[in-house]
2 protein chains.
Amino acid sequence: MSIFDALGDPARRKILSLLGNGELPAGALVAALRMPQPNVSKHLKVLREAGLVRVRGDAQRRLYSLDTAPLRELDAWLSPYRRFWAGKLDALGDHLSRSD
Amino acid sequence: MSIFDALGDPARRKILSLLGNGELPAGALVAALRMPQPNVSKHLKVLREAGLVRVRGDAQRRLYSLDTAPLRELDAWLSPYRRFWAGKLDALGDHLSRSD
DNA sequence: CCCTAATATTCCAAAATTGGAATATTAGGG
DNA sequence: CCCTAATATTCCAATTTTGGAATATTAGGG
């Protein structure tokens, strides 16, 4: 699954966003996403396979953290297109304040 | 379909890349992609619906061009993550950071 | 009008994705 | 050992996506 596919699901984007603030146990993600635990676990698996998150054990818990390497690749993929808006810093607001 | 989903298919990413060099008729994309025409037409529909391409008629032909607005959104989505590699001089980085 | 070129749409089966429910695994604690 | 908490995996039905083939549409040209 490519990074684009991995990012295709809103729940997965939310997970990345949450991990942006630092390492979290799977349970914290389950609580934040308000979604059945097995479901979150499956999304985490997709993210792992895409290389977007790392995991380490801490007793029974599994602590997830962001691996930004694929995001850097995405950034690179975007590069050739940036010339279309580079310098055009007009007011096209931060569309980005959505919840995903 | 979100922009992430629209970008999920390699053929669609190739189309965007081709259109990066300027407007092209659908037929040119069919030739470049080496894929059955109806298939390309369907990918173009997905791209249209995601707002990634514009189309205008020229007699029987349809000329496609890039609409970069959704790519700018993607760029914005990426923003909060850039701090993880900002300053870390990656080999890919400054491709086009010229100051003229 | 009819013909042709260019492109889009529909129909269909195959493959992949997703969610829900049940179950399995893993790692301490008593 | 057994128990419990935390997390992962499996199984299944529903939905979505994809490709191939056939067909439809659109817009001139003769």
(message) Any side-chain N or O of B:His43 below 4.0 angstrom from OP1/OP2 of D:dG19?
(response) yes
(message) What does the B/S/- profile of nucleotides 3-11 of chain D look like, 5' to 3', with a 4.0 Å heavy-atom cutoff to protein?
(response) --BSBBBB-
(request) Provide, to the nearest angstrom, the distance between the CZ atom belonging to B:Arg56 and the C1' atom belonging to D:dA27. (result) 15 Å
(request) Decide if the gap between the ring center of A:Trp85 and the ring center of A:Tyr81 is smaller than 6.0 angstrom. (result) no
(message) Between B:Val55 and B:Leu63, is there a side-chain heavy-atom distance shorter than 4.5 Å?
(response) no
(request) Would you indicate whether the side-chain heavy atoms of A:Leu24 and A:Tyr64 approach each other to under 4.5 Å? (result) no
(request) Test A:Asp67 against every option in A:Arg56, A:Arg72, A:Arg54, A:Arg48 by the salt bridge (Lys or Arg N to Asp or Glu O under 4.0 Å) rule and name the one that passes. (result) A:Arg54
(message) In this structure, how many angstroms lie between the P atom of D:dG19 and the CZ atom of B:Arg34, rounded?
(response) 16 Å
(message) Any non-hydrogen side-chain atom of B:Asp5 less than 4.5 Å from a side-chain atom of B:Val46?
(response) no
(request) Look at the side chain of A:Arg13 and the backbone N and O of A:Ala6, then say whether any donor-acceptor pair between them is shorter than 3.5 Å. (result) no
(request) Using heavy atoms to find the nearest nucleotide of DNA chain C for A:Ala59 and A:Met35 separately, return the residue whose nucleotide is more 5′. (result) A:Met35
(request) May I ask you to say what A:Asp5 touches in the nucleic acid, namely base, sugar-phosphate or nothing, with a heavy-atom cut-off under 4.0 Å? (result) nothing
(message) Do A:Leu18 and A:Lys14 have side chains that approach each other closer than 4.5 Å (heavy atoms only, starting at C-beta)?
(response) yes
(request) Under 3.5 Å for both distances, Watson-Crick or G-U wobble, that's the pair rule; now give the dot-bracket for DNA chain D, with | marking pairs to another strand and [ ] for crossing ones. (result) ||||||||||||||||||||||||||||||
(request) May I ask you to decide whether B:Asp75 forms a salt bridge with B:Arg82, counting only side-chain N to carboxylate O separations under 4.0 Å? (result) yes
